[in-house]
Engineer: 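Here it is, the structure in full.
Since this is a predicted model, take the numbers as computed values, not measurements.
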Amino acid sequence: MSETTTTMTRLEMVREEYNRLLRRYDGKLDRLTLKMNEDYEYFFRWHSAEMYKHTVNLRALRDLKPLFYEKSEDEVKAALQRHISNIESKLIEGCQLPSSTSLMMNAADSISREAKQELRNEFMNLLWILEEQA
């Protein structure tokens with residue numbers, strides 16, 4: 001019985017952290033949207049990369065909602081390990097220099113690498129909750 005309780009507690013902790021991440025990214029995007037609506041030209045120059053990065057990561061996190069609410073602890077742990085490994089492979093083995101003829105595509109490619117690094121850290125924190133609380 002205590003193993004089930006411990007497992008549920010770890011999963012609940014991961015779910016709470018996952019929901020906190022969603023709220024944090026939503027809040028950041030809300031604040032950035034207000035800035036964008038005030039002065040788009042200034043926003044574009046100083047905050048558009050941040051907005052893009054947070055949008056990419058929020059989408060990735062939202063896509064994982066079923067993982068955190070429909071899977072067991074072991075399945076969540078294995079999935080997080082796979083996601084971390086996939087991100088690391090893309091960052092290490094992927095092309096490091098943008099190669100599009102589009103200036104904006106090159107910018108988006110560079111920013112998405114930064115977003116992946118941040119997302120990897122978020123996944124590592126979630127995995128730590130499952131592993132260290134055991």
Engineer: Considering residues at least two apart in sequence or located in another chain, which fulfil the ring-ring contact (aromatic ring centres under 6.0 Å, His included) criterion with Y25?
Structural biologist: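 Scan of Y25 (ring-ring contact (aromatic ring centres under 6.0 Å, His included), adjacent residues dropped) gives H54.
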
Engineer: For S102, what residues pass the side-chain hydrogen bond (donor to acceptor under 3.5 Å, both in side chains) criterion, not counting sequence neighbours?
Structural biologist: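 For S102, no residue satisfies side-chain hydrogen bond (donor to acceptor under 3.5 Å, both in side chains) once neighbours in sequence are set aside.
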
Engineer: Taking salt bridge (Lys or Arg N to Asp or Glu O under 4.0 Å) as the definition, give me every residue that meets it alongside E38, ordered by chain and number, with sequence neighbours left out.
Structural biologist: none

Engineer: Apply salt bridge (Lys or Arg N to Asp or Glu O under 4.0 Å) to E50 and list each qualifying residue two or more places apart in sequence or on a separate chain.
Structural biologist: none

Engineer: Got a sec, which residues hit side chain to side chain contact (heavy atoms under 4.5 Å, CB included) with N106, two or more places apart in sequence or on another chain?
Structural biologist: P98, S100

Engineer: Is the number of heavy atoms from other residues, nucleotides or ligands under 6.0 Å of K71 NZ greater than 12?
Structural biologist: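 Count not over threshold, so no.
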
Engineer: Looking at CG of N57 and CZ of R59, how far apart are the two atoms once the value is rounded to the nearest 0.5 Å?
Structural biologist: 10.5 Å

Engineer: Can you name the residues that form a side-chain hydrogen bond (donor to acceptor under 3.5 Å, both in side chains) with R24, not counting sequence neighbours?
Structural biologist: E122

Engineer: How are the rings of Y18 and Y69 set relative to one another: parallel (under 30°), tilted (30 to 60°) or perpendicular (over 60°)?
Structural biologist: perpendicular

Engineer: Got a donor-acceptor contact below 3.5 angstrom from the R120 side chain to the E88 backbone?
Structural biologist: no

Engineer: Between OH of Y40 and NZ of K35, what distance do you get to the nearest 0.5 Å?
Structural biologist: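 Answer rounded to 0.5 Å: 15.5 Å.
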
Engineer: Sequence neighbours left out, what passes side-chain hydrogen bond (donor to acceptor under 3.5 Å, both in side chains) with E75? Give chain and number order.
Structural biologist: S72

Engineer: Return the set of residues passing side-chain hydrogen bond (donor to acceptor under 3.5 Å, both in side chains) with E114 (not counting sequence neighbours), or none when no residue passes.
Structural biologist: none

Engineer: Please report the closest heavy-atom contact between I84 and M124, naming both atoms and the distance.
Structural biologist: CD1-SD, 3.4 Å

Engineer: Sub-3.5 Å donor-acceptor pair from the side chain of D109 to the main-chain atoms of M105, do we have one?
Structural biologist: no

Engineer: Quick check for you: to the nearest 0.5 Å, what is the distance between I87 atom CD1 and L119 atom CG?
Structural biologist: 4.5 Å

Engineer: So how far is it from K116 NZ to K90 NZ, rounded to the nearest 0.5 Å?
Structural biologist: 5.5 Å

Engineer: Please name all residues satisfying salt bridge (Lys or Arg N to Asp or Glu O under 4.0 Å) with R23, sequence neighbours left out, ordered by chain then number.
Structural biologist: none

Engineer: I need the I129 CD1 to R10 CZ distance, nearest 0.5 Å.
Structural biologist: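 Between I129 CD1 and R10 CZ, I get 12.0 Å after rounding to 0.5 Å.
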
Engineer: Strictly by salt bridge (charged side-chain N to carboxylate O under 4.0 Å, His left out), give each pair with a member in residues 94-106 just once, sequence neighbours left out.
Structural biologist: none

Engineer: Quick one: list whatever passes salt bridge (Lys or Arg N to Asp or Glu O under 4.0 Å) with D26, sequence neighbours left out.
Structural biologist: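 R62.
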
Engineer: Identify all side-chain donor-acceptor contacts of residues 42-49 below 3.5 Å with residues at least two apart in sequence or on another chain.
Structural biologist:
{"from": "R45", "atom 1": "NH2", "to": "E41", "atom 2": "OE2", "distance (Å)": "2.8"}
{"from": "S48", "atom 1": "OG", "to": "F44", "atom 2": "O", "distance (Å)": "2.6"}

Engineer: State the CZ-CG distance between F123 and N121, to the nearest 0.5 angstrom.
Structural biologist: 11.0 Å

Engineer: Determine whether L58 and V56 fall in the same hydrophobic cluster, where Ile, Leu, Val, Met, Phe, Trp and Tyr are linked whenever their side-chain heavy atoms lie under 4.5 Å apart.
Structural biologist: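 Hydrophobic grouping puts L58 apart from V56.
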
